[in-house]
Amino acid sequence: MPVRTRSQKIGDKGQNQVREQVDAHPHWMCRFQDLDYGVDLEAEYAPAEGDGQRPAGKLLKLQVKATESADVRGQVVHVALERSFLSYALQFRLPVILVHVDVTTRSAWWLWLQAWALEHEERLASSPDNATITVHIPLHKTLETGLDHELIDVVAGKHASAVVLALKELADVAASDGQQIKLFRGVLALLDDIEAPHGREDHRASGRPGIEPWLVANVPANPADRCDRRTPW
């Protein structure tokens with residue numbers, strides 16, 4: 001006879017709690033994924049309109065990791081994550097959000113996995129053989145506040161990390177074709193102009209490096225050199 005384990009019961013309870021919380025929000029819809037592998041839930045931004053909601057076609061993938069007692073230390077929650085799932089999440093073009101839920105207190109926190117990997121690339125590169133990694137989620141990154149504010153920026157592509165991730169994908173495509181490299185350099189140059197409409201002195205005044213130094217360092221002017229370059233990811 002099949003046996004439902006305690007771990008499976010906690011996992012199911014966590015998924016149900018997250019789905020209920022997201023779907024109850026006035027600006028979000030949430031649905032289970034039909035497959036029994038991969039990510040657990042899909043959330044769609046659907047702003048309130050009258051007494052209903054209008055789906056906007058902007059999606060997040062949610063991976064739920066449930067526990068009966070969250071590992072809170074100081075101002076962060078420690079969450080063990082399988083490295084194989086992180087690698088899987090990095091293949092998505094849609095944002096993949098880890099939602100860690102304490103089914104006892106019904107507390108839930110979130111972490112954008114692609115952005116986290118971008119920020120911690122050196123750490124990941126230094127331990128390629130580790131089967132699990134521990135991520136730290138600040139206590140203030142609750143699912144409730146994220147649905148109200150930051151996750152809306154993430155799903156709309158307005159989050160700061162979204163631009164960098166989009167450029168990374170474009171760079172990966174450009175690296176295989178000389179004409180694409182020229183296009184990529186043109187896009188970055190345009191973004192640099194947009195970022196500093198009053199001149200490049202703005203970068204130094206604001207403390208931000210601007211895009212052009214990154215362009216010079218990472219995108220070869222001569223396509224023949226591309227195999228010798230490494231992107232910062």
Side-chain angles (χ1 to χ4, degrees), residues 1-46 59-121 123-124 126-152 154-155:
M1 294 285 293
V3 175
R4 186 190 188 197
T5 66
R6 182 178 182 83
S7 177
Q8 290 172 327
K9 187 174 182 178
I10 294 171
D12 291 343
K13 188 175 182 179
Q15 288 183 33
N16 288 327
Q17 287 184 8
V18 171
R19 184 196 171 278
E20 290 172 6
Q21 182 175 353
V22 176
D23 205 56
H25 194 281
H27 298 314
W28 292 90
M29 299 166 57
C30 192
R31 45 190 169 263
F32 288 109
Q33 300 289 268
D34 293 334
L35 301 177
D36 60 355
Y37 59 88
V39 293
D40 299 316
L41 303 168
E42 183 175 83
E44 181 171 359
Y45 181 54
L59 306 174
L60 300 175
K61 298 292 185 178
L62 307 180
Q63 178 66 17
V64 180
K65 191 169 181 62
T67 181
E68 289 185 306
S69 180
D71 184 4
V72 178
R73 308 181 201 177
Q75 296 301 308
V76 298
V77 186
H78 291 233
V79 186
L81 182 67
E82 291 183 0
R83 180 144 188 168
S84 59
F85 180 79
L86 177 62
S87 298
Y88 172 66
L90 296 182
Q91 305 306 310
F92 279 78
R93 289 187 175 183
L94 292 175
V96 179
I97 308 299
L98 173 68
V99 181
H100 186 53
V101 56
D102 185 322
V103 298
T104 303
T105 64
R106 299 185 67 88
S107 301
W109 304 269
W110 68 275
L111 184 71
W112 183 8
L113 289 178
Q114 293 105 320
W116 182 91
L118 185 68
E119 183 179 349
H120 295 84
E121 57 183 5
R123 174 187 167 188
L124 292 170
S126 68
S127 55
D129 298 326
N130 289 0
T132 62
I133 54 176
T134 300
V135 299
H136 302 152
I137 308 178
L139 283 178
H140 66 82
K141 292 180 75 74
T142 65
L143 181 59
E144 180 179 6
T145 58
L147 293 170
D148 287 339
H149 302 292
E150 196 170 355
L151 284 172
I152 296 177
V154 172
V155 79

Legend entry - Test side-chain contact (heavy atoms from CB on, under 4.5 Å) applied to F32 and N16, step by step: CA-CA 9 Å; F32 288 109; N16 288 327; 3.3 Å; yes
Between [X] and [Y], is any pair of side-chain heavy atoms under 4.5 Å apart?
X: K13; Y: Q17; answer: yes
X: V101; Y: Q21; answer: no
X: V155; Y: L151; answer: no
X: I133; Y: H120; answer: no
X: H136; Y: R73; answer: no
X: D148; Y: W28; answer: no
X: F92; Y: L113; answer: no
X: T145; Y: H140; answer: no

To the nearest 0.5 Å, what is the distance between [atom1] on [X] and [atom2] on [Y]?
X: E44; Y: D23; atom1: CD; atom2: CG; result: 11.0 Å
X: L111; Y: K65; atom1: CG; atom2: NZ; result: 13.0 Å
X: L81; Y: L86; atom1: CG; atom2: CG; result: 6.0 Å
X: R19; Y: M29; atom1: CZ; atom2: CE; result: 9.5 Å
X: R123; Y: W116; atom1: CZ; atom2: CH2; result: 4.5 Å

Inset, instruction - Please say whether more than 12 non-hydrogen atoms of neighbouring residues, nucleotides or ligands are located less than 6.0 Å from CZ in R93. - result: no
Legend entry - Q8 CD: over 12 foreign heavy atoms closer than 6.0 Å: yes
Search all heavy atoms of [X] against all heavy atoms of [Y] and return the closest pair with its distance.
X: P95; Y: W112; value: CB-NE1, 3.5 Å
X: A117; Y: L90; value: CB-CD2, 3.7 Å
X: V135; Y: L98; value: CG2-CD2, 4.1 Å
X: A66; Y: G11; value: CB-CA, 4.2 Å
X: W109; Y: P138; value: CD1-O, 4.0 Å

Inset, instruction - Can you spot which of V22, V99, L62 makes a side chain to side chain contact (heavy atoms under 4.5 Å, CB included) with L41? - result: L62
Legend entry - Derivation of the side-chain contact (heavy atoms from CB on, under 4.5 Å) call for E150 and W110: CA-CA 10 Å; E150 196 170 355; W110 68 275; 3.5 Å; yes
Inset, instruction - Report the C-alpha separation of V39 and F85 in whole Å, then their side-chain angles, then the decisive distance to 0.1 Å, and conclude whether the side-chain contact (heavy atoms from CB on, under 4.5 Å) test is met. - result: CA-CA 9 Å; V39 293; F85 180 79; 4.0 Å; yes
Legend entry - Evaluation steps, side-chain contact (heavy atoms from CB on, under 4.5 Å), between L139 and V77: CA-CA 6 Å; L139 283 178; V77 186; 3.4 Å; yes
Inset, instruction - Describe, in one word, how the ring planes of H27 and H25 are oriented to each other, choosing from parallel (under 30°), tilted (30 to 60°) and perpendicular (over 60°). - result: tilted
Quick one: does [X]'s side chain have a donor or acceptor within less than 3.5 Å of a partner on [Y]'s backbone?
X: R83; Y: L124; result: yes
X: D102; Y: S107; result: no
X: T104; Y: E68; result: yes
X: Q114; Y: L94; result: yes

